[in-house]
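Structure first, commentary second.
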Number of protein chains: 2
Amino acid sequence: MATTTAQDEELASALVQTMHRLQDLHAESSRPLGLTPQQAHLLCVLLGGPLGMTELSRVLSIERSSLTSMVDRLERRDLVARTANPTDRRACHIELTTDGKSLAHDVHNAVVARIETLTADLSASTRKTLMTALQSILAQA
Amino acid sequence: MATTTAQDEELASALVQTMHRLQDLHAESSRPLGLTPQQAHLLCVLLGGPLGMTELSRVLSIERSSLTSMVDRLERRDLVARTANPTDRRACHIELTTDGKSLAHDVHNAVVARIETLTADLSASTRKTLMTALQSILAQA
DNA sequence: TATTGTTATACTCTATAACTATA
DNA sequence: TATAGTTATAGAGTATAACAATA
């Protein structure tokens, strides 16, 4: 059985605080570009290539029905497009338009730039250990 | 002028990914307790003591007008209460009720428990470095 | 005049349930 | 039957602008 120490809880709390701080920063970077944080996330995910609705909803951790309206709004702004899936007539691919790709790059760069200022003070070795730790955490998912 | 290396960007991207993963985990921990992630955040902030609307909106990074309706909903469920501020009749304190305090502890414990499973694999020294790095990042804010 | 909090309004995000078209 | 995506609906989160009461 797991014994939870005060240090464990402090670390977990620090991770939660950092999450909230990064969320704020993400929102602050998205807004000037005319995007909600959720829209920014969606566009950045699509930088990796087109995805179907079911797959995209899984990546974003939202219901497909919620995604439908999000995609509707972005499609109206010509930031994404629904394209037919040749091998399955029920399905579609969601892909970035030229404008969408450009905006996705902009928001990604803005977020990364903001975060880099937060990590600028860290030593090279701390940075390396941090990277390893984050990869370990992400691997649990 | 800042020179951005590929490693800097990788670290920033890993932080963003971790943020999204922790957000999901936070939502998954809140929902079974009947709370949205935003409501859970609000309640947990109030564990530190009562706050005025302006102060609370600043801590949560939302507009005061948005906070009004959130507090309305939580007050209807008897999780928080608005109490008068004796020294300023315009202002009020938002504080946890007995039920609210209990629920706030529950959600905090649930989130911490989930996060601890993610960091369980890290060595003591990695954990220590991670903690230091997070504190440095949080200090920038 | 400035500040505290609320109201009015309009969008966006989100889930659940029911539906259609296709596999 | 199962899956992909949508529609209908309801509630929650959010911002902007305008407001009342108090400082």
Closest heavy-atom pair and its distance - B:Thr18, A:Leu134: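 Minimum heavy-atom contact is OG1-CD2, 3.7 Å.
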
Least distance between heavy atoms, B:Leu122 atom then A:Ala133 atom: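 Of all heavy-atom pairs spanning B:Leu122 and A:Ala133, the closest is CD2-CA, 4.1 Å.
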
Salt-bridge present (B:Asp8, A:Arg127; N to O < 4.0 Å):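 Looking at A:Arg127 together with B:Asp8, the answer is yes, because their closest N to O distance falls below 4.0 Å.
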
Nucleotide-resolved protein contact map, nucleotides 6-16 of chain D, B/S/- at heavy-atom distance under 4.0 Å: BB----SBBBB

Let me have the donor-acceptor pairs involving side chains of residues 109-116 of chain A, under 3.5 Å, with sequence neighbours excluded, atom names and distances please.
| residue | atom | partner | partner atom | Å |
| --- | --- | --- | --- | --- |
| A:Asn109 | ND2 | A:His105 | O | 3.3 |
| A:Arg114 | NH1 | A:Glu28 | OE1 | 3.4 |
| A:Arg114 | NH2 | A:Glu28 | OE1 | 3.0 |
| A:Glu116 | OE1 | B:Thr4 | OG1 | 3.4 |
| A:Glu116 | OE2 | B:Glu9 | N | 3.4 |

Distance in angstrom units between [X] [atom1] and [N] [atom2], rounded:
X	N	atom1	atom2	answer
B:Ile94	C:dT4	CD1	C1'	11 Å
A:Asn85	D:dT3	CG	P	17 Å
A:Leu60	D:dG5	CG	C1'	15 Å

A:Thr119 and A:Asp121: side chain donor to acceptor below 3.5 Å: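 No, because no side-chain N or O of A:Thr119 sits under 3.5 Å from a partner of the opposite role on A:Asp121.
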
Would you tabulate the pairs of protein nitrogen or oxygen atoms and nucleotide nitrogen or oxygen atoms of nucleotides 19-23 of chain C closer than 3.5 angstrom?
| residue | atom | partner | partner atom | Å |
| --- | --- | --- | --- | --- |
| C:dT22 | O2 | A:Arg90 | NH1 | 3.3 |
| C:dA23 | OP1 | A:Arg89 | N | 3.0 |

Set of ring-ring contact (aromatic ring centres under 6.0 Å, His included) partners for A:His20, sequence neighbours left out: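 ring-ring contact (aromatic ring centres under 6.0 Å, His included) list for A:His20, sorted by chain: B:His26, B:His41.
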
Results of side-chain hydrogen bond (donor to acceptor under 3.5 Å, both in side chains) for B:Arg82 - residues two or more places apart only: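 In terms of side-chain hydrogen bond (donor to acceptor under 3.5 Å, both in side chains), with neighbours along the sequence ignored, B:Arg82 is linked to B:Asp72, B:Glu75.
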
Check residues 42-58 of chain B and write down every donor-acceptor pair under 3.5 Å in which the side-chain atom is one partner and the other belongs to a residue at least two apart or another chain.
| residue | atom | partner | partner atom | Å |
| --- | --- | --- | --- | --- |
| B:Ser57 | OG | B:Met53 | O | 3.4 |
| B:Ser57 | OG | B:Thr54 | O | 2.8 |

